Amino acid sequence: MLDIRFVRENLDAVQQALRNRGTSLEVLEGFLELEKDRRRLIAETDDLRNRRNVLSKEVGKLKGKGESAEALMAEVRGFGDKLKELETSLNLIEDKVRLTLLGIPNIPHPTVPVGPDETANREERKVGTPRRFDFQPLNHWDIAENLDIIDFERATKIAGARFALYKGLGARLERSLINFMLDVHTREHGYTETFPPVLVNSDSMTGTGQLPKFREDLFKVEGTDLWLIPTAEVPVTNIFRDEVLEEKDLPRYFTAYTPCFRAEAGSHGKDTRGLIRQHQFNKVELVKFTTPEKSEEELEKLTANAEEILKRLDLPYRVITLCTGDMGFSAAKTYDLEVWLPGQDKYREISSCSNFSDYQARRAAIRYRPEGRKKNEFVHTLNGSGLAVGRTLVAILENYQQADGSVIIPEPIRPYMGVDRIAKA
RNA sequence: GGAGGAGUGGCCGAGUGGUUUAAGGCGGCGGUCUUGAAAACCGUUGUGGGGGCAACUUCACCGUGGGUUCAAAUCCUACCUCCUCCGCCA
């Protein structure tokens, strides 16, 4: 959420941000008038309440002295209806203002390239060289089915399309990758491991920006106020919702492995085969809380932490900066890591690392007490995948596949797997 | 799921309808004293909104939402959370 005062005083900048994102300016229509009405109503209600308070105290004084207060009481009685009326309109208008603010995306950071879609994204660097195959490399779903480590058909019977049933060394590889990633981030990168709820309430979903605008992307548990998380970003960022942190305790780093659930509404026909786009997938997430001064630097470090996993697995990847039109709603700046998939002959997203500036912190009321200054300020929140586990497994299958159909296990995963290769039984 | 109890400031805790301020304590901050520290003493210390260049002023907030009243932390009501006991359960 943007600061209401900022929107009021910098409407041009907000409009420009919306244009750069390729979003309609419709949300802003009538905002200034609404905000003006809000302030007028506050002044009126406060004034009336003040008069009521003063007179009511007068009544108390008179009664204390044993004098009659009937006349005063009769006068103040008339305030009630008017006050209720004012309060009702004020509540209505404040709800509207809040809803408007919740519908305005974050302002892109000045270093973000301006552009309409992914064609305007900026490649920052390429790391590693795609391997040359002396045979035709297969898609991961063919590799997996040949090795009998993933059963897509039965997963469809059990749940439906876009689900997978991992089996044998496939299941073990998924688990090994989770453990490897968590071990690197907790032991070497300073993150605290958490294991949060994967069902969260509407307040949490609103805090990080999924609600109210993107409910159709989410699964909801019927008859409750609970939603399945689309990413661990939601529960972990909300750890400090409605809290005030001490500056000396910042920055705070958290990591979490969770399953993630996405309705994938609007992506019919996209990536229908294989593991790339599932309703349920595993992810190890990195989340940071920091001061505004440090957040840009922290984004670089967080991205490097995610990259480290790819480097150790020796998977070729590139880093791109998402342009204004391709960036998520709450983000001020996003780096995507894209891993090389020989089966598809292209780079595919495997991690998304974002700085949300104070946008989520304001929605979720996460503040800190700056040392030496009196006023509390909003922290900056960041997060990134470190990494998407299913897609990492895809990358391993495709990049480490051999002519005989087997798959070599990358060195750092072998201690977790107990084998150095997955071959046909 | 059933029965009972409880939610007050950073923390503990008083407060069953009013008379300038939610008492008191702890903690934090500043000061006095001291070579330094402790102790003692004095002062200070919530969040958010509105108005104002500012000093300042005003409103709201005692788990949350409604309600009663001239006036609500206090009364009514629904809900949420926690605790105790019973039942069920991985």
Side-chain angles (χ1 to χ4, degrees), chain A residues 1-9 31-102 195-207 211 221 223-227 235 238-250 252 259 289 358-379:
Chain A
M1 185 160 67
L2 300 179
D3 180 21
I4 188 166
R5 230 164 316 170
F6 177 85
V7 179
R8 188 205 304 154
E9 289 162 12
F31 178 80
L32 284 186
E33 290 71 20
L34 205 64
E35 161 62 355
K36 209 170 171 185
D37 281 352
R38 182 183 75 98
R39 285 184 292 159
R40 181 179 51 78
L41 272 169
I42 287 173
E44 279 180 45
T45 355
D46 278 8
D47 180 61
L48 191 59
R49 279 202 276 236
N50 177 240
R51 273 155 58 205
R52 181 201 60 187
N53 290 349
V54 169
L55 293 179
S56 287
K57 258 168 205 156
E58 208 53 44
V59 171
K61 273 189 216 168
L62 286 175
K63 286 203 164 178
K65 280 189 269 182
E67 293 172 25
S68 163
E70 271 311 317
L72 259 186
M73 280 163 65
E75 189 190 340
V76 184
R77 202 166 292 145
F79 286 23
D81 288 342
K82 180 71 184 156
L83 199 54
K84 206 150 283 175
E85 199 182 292
L86 283 172
E87 279 170 352
T88 306
S89 351
L90 184 57
N91 282 342
L92 212 72
I93 218 165
E94 285 193 321
D95 285 350
K96 260 195 210 163
V97 168
R98 184 174 159 74
L99 212 62
T100 301
L101 285 174
L102 288 176
F195 201 180
V198 300
L199 293 174
V200 301
N201 57 35
S202 297
D203 285 344
S204 293
M205 283 293 187
T206 306
L211 290 180
V221 181
T224 70
D225 182 42
L226 293 170
W227 307 76
N238 275 282
I239 287 174
F240 294 126
R241 175 154 50 86
D242 294 321
E243 294 194 34
V244 182
L245 308 174
E246 298 296 332
E247 178 166 11
K248 65 174 164 51
D249 295 331
L250 296 174
R252 301 283 297 268
F289 302 85
D358 61 0
Y359 186 88
Q360 292 182 326
R362 187 172 288 105
R363 290 172 83 108
I366 308 169
R367 290 166 295 172
Y368 76 104
R369 218 181 305 282
E371 270 159 32
R373 273 175 294 164
K374 185 120 177 84
K375 196 125 177 64
N376 293 340
E377 301 203 21
F378 291 106
V379 301

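In what follows, every chain begins at residue 1, and chains take the letters A, B, ... in the order their sequences are listed. What's counted below: heavy atoms across the whole structure, side chains too, no hydrogens, waters or symmetry copies. Keep in mind it's a predicted model, so treat the numbers as computed, not measured.
- Contact check of residues 70-92 of chain A against RNA chain B (heavy atom, cut-off under 4.0 Å) returns M73(A), V76(A), R77(A), K84(A).
- When the side chain to side chain contact (heavy atoms under 4.5 Å, CB included) test is applied to N50(A), the partners found at least two apart in sequence or on another chain are V54(A).
- Between F378(A) atom CZ and rG48(B) atom P there is a gap of 8 Å when expressed in whole angstrom units.
- With sequence neighbours excluded, the residues forming a salt bridge (Lys or Arg N to Asp or Glu O under 4.0 Å) with R49(A) are D46(A), E87(A), listed by chain and number.
- Going from the P atom of rU57(B) to that of rA39(B) covers 36 Å, rounded to whole Å.
- To the nearest 0.5 Å, the span separating CG on N238(A) from CG on D203(A) amounts to 8.5 Å.
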Detail all sub-3.5 Å separations between protein N/O atoms and N/O atoms belonging to nucleotides 50-52 of chain B.
{"residue": "rG50(B)", "atom": "OP1", "partner": "R38(A)", "partner atom": "NH2", "Å": "3.1"}
{"residue": "rG51(B)", "atom": "OP1", "partner": "R39(A)", "partner atom": "NH1", "Å": "3.0"}

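- The salt bridge (Lys or Arg N to Asp or Glu O under 4.0 Å) test applied to R40(A) returns D37(A), E44(A), not counting sequence neighbours.
- Taking every heavy atom of both residues into account, P259(A) and V198(A) meet most closely at CD-CG1, 3.9 Å.
- For the pair F240(A) CZ and rG10(B) C1', the interatomic distance rounds to 16 Å; values are reported in whole Å.
- A search for salt bridge (Lys or Arg N to Asp or Glu O under 4.0 Å) contacts involving R39(A) returns E35(A), not counting sequence neighbours.
- Listed by chain and number, the residues in a salt bridge (Lys or Arg N to Asp or Glu O under 4.0 Å) with K61(A) amount to none (sequence neighbours excluded).
- In this structure, the CG atom of D203(A) is 13 Å from the P atom of rU81(B), given to the nearest Å.
- Taking a 4.0 Å limit (strictly below) on heavy-atom distances, residues 47-56 of chain A reaches RNA chain B at R49(A), N50(A), R52(A), N53(A), S56(A).
- Regarding E44(A), its CD atom lies at a distance of 14 Å from the C1' atom of rC59(B), rounded to whole Å.
- With rounding to whole Å, D242(A) atom CG is found 16 Å from rG10(B) atom C1'.
- Considering only residues two or more places apart in sequence or on other chains, P196(A) meets the side chain to side chain contact (heavy atoms under 4.5 Å, CB included) condition with T194(A), P235(A), V236(A), A256(A), T258(A).
- Rounded to the nearest Å, the gap between the C1' atom of rU19(B) and that of rG4(B) is 39 Å.
- Nucleotides rC70(B) and rC85(B), compared at atom C1', are 45 Å apart to the nearest Å.
- Listed by chain and residue number, E246(A), E371(A) satisfy the side chain to side chain contact (heavy atoms under 4.5 Å, CB included) test with K248(A) (two or more places apart in sequence, or in another chain).
- Summarising the base pairing, rC79(B) is matched to rG63(B) through a Watson-Crick or G-U wobble pair whose two defining distances lie under 3.5 Å.
- Legend: residues meeting side chain to side chain contact (heavy atoms under 4.5 Å, CB included) with L199(A), ordered by chain and number and at least two apart, are V221(A), L226(A), L228(A).
- The CG atom of N201(A) sits 10 Å away from the P atom of rU81(B) (whole-angstrom rounding).
- To the nearest whole angstrom, the two P atoms, one in rC76(B) and one in rG2(B), are 22 Å apart.
- For the C1' atom pair drawn from rU69(B) and rU77(B), the interatomic distance equals 16 Å after rounding to whole Å.
- Per the geometry, CD belonging to E94(A) stands 13 Å off P belonging to rC61(B), to the nearest Å.
- The pairing partner recorded for rC41(B) is rG31(B), the criterion being a Watson-Crick or G-U wobble arrangement whose two distances lie under 3.5 angstrom.
- Residues passing the side-chain hydrogen bond (donor to acceptor under 3.5 Å, both in side chains) test with D47(A), sequence neighbours excluded: R51(A).
- Between E243(A) atom CD and rC11(B) atom P there is a gap of 11 Å when expressed in whole angstrom units.
- When the P atom is compared between rU81(B) and rG49(B), the two are found 29 Å apart, to the nearest whole Å.
- When both pairing distances are held under 3.5 Å, rC85(B) makes a Watson-Crick or G-U pair with rG2(B).
- Nucleotides rC88(B) and rG7(B) place their C1' atoms 28 Å apart, quoted to the nearest Å.
- Rounded to whole Å, the separation between the C1' atoms of rU16(B) and rC75(B) comes to 9 Å.
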